[in-house]
Amino acid sequence: MKLATWNVNSLKVRQQHVIDWLELSQADVLCLQELKLPDEKFPRAELEEKGYRSWFAGQKTYNGVGILVRNGLQVDEATIVRNIPGFEDSQQRVIAATINGIRVISAYFPNGQAPGTDKFAYKLRWLDAMHDWIASELAQHPKLALLGDYNIAPEDRDVHDPNAWEGQNLVSPEERASFARLIELGLVDSFRLFDQPEKTFTWWDYRMLAFRRNAGLRIDHILLSKPLAESCTHCDVDKTPRKWDQPSDHAPVVALTE
DNA sequence: ATGGCTCGCGGAGCGAGA
């Protein structure tokens with residue numbers, strides 16, 4: 001199964017990009033983040049026409065996540081979960097579905113703004129809640145994939161200029177510790193299962209010609225439970241759509257599993 | 001050099017993103 005995640009930074013603006021990239025990649029499952037539209041404006045019919053069913057949790061202006069599933073894969077409707085159960089949150093950041101027996105979670109982790117801010121405190125609380133929920137999900141679903149925009153660069157090699165970024169939002173020790181705690185639950189960073197080109201990133205600032213200079217961060221990830229990681233044969237970042245006109249600032253990440 | 005782009009919203013600039 002070809003699993004992918006992509007922060008599209010407005011599905012309204014990037015609808016055609018998503019359709020073109022599905023055609024190009026032939027992904028079976030595409031997790032989307034930052035839809036930035038309410039549910040009534042989700043282009044369900046247009047995606048259906050291209051052979052994908054959609055599940056989503058949207059809201060006006062900000063956030064919003066979805067899962068696109070290619071026709072023919074089995075989705076158990078009763079397994080759809082929106083948001084982290086028990087975590088009170090007005091922001092739509094999580095949707096889960098069981099697809100061909102694999103628990104797939106699309107997540108848009110909070111940005112955090114800067115260490116010491118209220119938004120950073122919210123990010124850490126959200127990460128704690130995510131940790132505890134994933135622990136219980138893993139107990140029920142041996143095959144689990146947590147895909148999304150984590151807004152965390154796990155290691156210095158995931159940062160174009162570690163010195164300039166030291167201690168800042170997205171790379172701070174607290175955030176990296178939270179990422180490590182997710183890994184300790186028994187998840188595997190599929191990207192690091194394989195040899196990768198140095199300085200591979202998933203996000204580049206729109207400003208400062210950052211993409212051209214490859215001044216980026218690796219903050220979008222596909223974490224797999226160990227039973228699923230055992231069947232993972234490939235993972236990479238597809239920079240192709242980042243080169244298209246009016247691109248998202250993120251590139252899709254792709255993993256191949258059983 | 002703390003800006004630089006690109007969104008949504010609303011119909012001018014501003015907040016937010018990362």
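Here is how names work: the chains are called A, B, and so on, in the same order as the sequence lines, proteins then strands, and each is numbered from 1. Heavy-atom basis, side chains included; hydrogens, waters and symmetry copies ignored.
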Exercise for review: Name the orientation class of the two ring planes belonging to H250(A) and W203(A) (parallel below 30°, tilted from 30 to 60°, perpendicular beyond 60°).
Suggested key: tilted
**Study point:** Close residues, residues 204-211 of chain A, relative to DNA chain B [heavy-atom separation under 4.0 Å]
**Key:**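 Of all residues in residues 204-211 of chain A, the ones placing a heavy atom under 4.0 Å from DNA chain B are Y206(A), R207(A), M208(A).
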Review point. Does anything in residues 109-121 of chain A reach DNA chain B, meaning a heavy atom under 4.0 Å, and if so which residues?
Key: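 Hits under 4.0 Å, by residue number: N111(A), K119(A).
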Whole angstroms only, please: what is the [atom1]-[atom2] distance between [X] and [N]?
X: K12(A); N: dT6(B); atom1: NZ; atom2: C1'; value: 14 Å
X: H160(A); N: dA18(B); atom1: NE2; atom2: C1'; value: 11 Å
X: N63(A); N: dG15(B); atom1: CG; atom2: P; value: 18 Å
X: Y62(A); N: dA16(B); atom1: OH; atom2: P; value: 6 Å
X: D149(A); N: dG17(B); atom1: CG; atom2: P; value: 11 Å
X: Q33(A); N: dG17(B); atom1: CD; atom2: C1'; value: 14 Å
X: I152(A); N: dA18(B); atom1: CD1; atom2: P; value: 12 Å
X: K36(A); N: dG17(B); atom1: NZ; atom2: C1'; value: 6 Å

Roughly how far apart, to the nearest Å, are [N] and [M] at atom [atom1]?
N: dC14(B); M: dG4(B); atom1: P; result: 12 Å
N: dA18(B); M: dC7(B); atom1: P; result: 13 Å
N: dT6(B); M: dG10(B); atom1: P; result: 22 Å
N: dA1(B); M: dG15(B); atom1: C1'; result: 23 Å

**Study point:** Sugar-phosphate only, base, or nothing, as touched by I219(A) at under 4.0 Å among non-hydrogen atoms
**Key:** sugar-phosphate
Expected list for residues 25-34 of chain A: side-chain donor-acceptor pairs under 3.5 angstrom, two or more places apart:
residue: S25(A); atom: OG; partner: W21(A); partner atom: O; Å: 2.8
residue: S25(A); atom: OG; partner: A27(A); partner atom: N; Å: 3.2
residue: Q26(A); atom: OE1; partner: R70(A); partner atom: NH1; Å: 3.3
residue: Q26(A); atom: OE1; partner: R70(A); partner atom: NH2; Å: 3.3
residue: Q26(A); atom: NE2; partner: E23(A); partner atom: O; Å: 2.8
residue: D28(A); atom: OD1; partner: R70(A); partner atom: NE; Å: 3.1
residue: D28(A); atom: OD2; partner: K2(A); partner atom: N; Å: 2.8
residue: Q33(A); atom: OE1; partner: T5(A); partner atom: OG1; Å: 3.3
residue: Q33(A); atom: OE1; partner: N7(A); partner atom: N; Å: 3.4
residue: Q33(A); atom: NE2; partner: T5(A); partner atom: OG1; Å: 3.0
residue: Q33(A); atom: NE2; partner: S106(A); partner atom: OG; Å: 3.3
residue: E34(A); atom: OE1; partner: Y108(A); partner atom: OH; Å: 3.4
residue: E34(A); atom: OE2; partner: N7(A); partner atom: ND2; Å: 3.1
residue: E34(A); atom: OE2; partner: Y108(A); partner atom: OH; Å: 3.4

Review point. Taking for each residue the nucleotide of DNA chain B bearing the nearest heavy atom, is the 5' side occupied by D249(A) or by S10(A)?
Key: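 So the residue in question is S10(A).
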Exercise for review: Hey, which sits more toward the 5' end of DNA chain B by its nearest nucleotide, N169(A) or K41(A)?
Suggested key: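 The answer here is K41(A).
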Review point. Would D89(A) and R125(A) pass as an ion pair if we require N to O under 4.0 Å?
Key: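 No, D89(A) and R125(A) are not salt-bridged.
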Exercise for review: Quick one: list whatever passes side chain to side chain donor-acceptor pair (under 3.5 Å) with D161(A), sequence neighbours left out.
Suggested key: none
Review point. In chain order, what residues pass the side chain to side chain donor-acceptor pair (under 3.5 Å) check against R82(A), with sequence neighbours excluded?
Key: none
Look only at the side chain of [X] and the backbone of [Y], and say whether a donor-acceptor pair between them is shorter than 3.5 Å.
X: E175(A); Y: L170(A); result: yes
X: T202(A); Y: R218(A); result: no
X: Y206(A); Y: P247(A); result: yes

Not counting sequence neighbours, which residues clear side-chain contact (heavy atoms from CB on, under 4.5 Å) with [X]? List them please.
X: P110(A); value: R93(A), Y122(A), K123(A), W126(A)
X: D132(A); value: none
X: T240(A); value: L24(A), D238(A), W244(A)
X: T98(A); value: T79(A), R103(A), H141(A)

Check your understanding: Think H250(A) has a side-chain N or O under 4.0 angstrom from the OP1 or OP2 of dA18(B)?
Key -> yes
Check your understanding: If only side-chain N and O atoms of N7(A) are considered, is one of them under 4.0 Å from the OP1 or OP2 phosphate oxygen of dA18(B)?
Key -> yes
Review point. Under the salt bridge (Lys or Arg N to Asp or Glu O under 4.0 Å) test, which residues partner E258(A), sequence neighbours left out?
Key: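 For E258(A) the salt bridge (Lys or Arg N to Asp or Glu O under 4.0 Å) partners, ignoring immediate neighbours, are K143(A).
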Practice item. Would you please test K50(A) and D20(A) for salt bridge (Lys or Arg N to Asp or Glu O under 4.0 Å) and show each step? Key: CA-CA 10 Å; K50(A) 303 296 176 184; D20(A) 290 347; over 6 Å; no
Write out a two-atom table: protein N or O, nucleotide N or O from nucleotides 10-14 of chain B, distance below 3.5 Å.
none

**Study point:** Spatial distance of atom NZ (K60(A)) from atom NZ (K36(A)) [nearest 0.5 Å]
**Key:** 14.5 Å
Exercise for review: Look at the side chain of Q246(A) and decide which nucleotide, out of dA18(B), dG8(B), dC7(B), has an atom nearest to it.
Suggested key: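 Within the option list, the nearest is dC7(B).
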Study note, to complete from the structure: Winner on side-chain proximity to N151(A), out of dA18(B), dC7(B), dG15(B), is dA18(B)
Review point. So what is the 5' to 3' dot-bracket string for DNA chain B, if pairs are Watson-Crick or G-U wobble with both distances under 3.5 Å, crossing pairs use [ ] and | means the partner sits on another strand?
Key: ....(((((...))))).
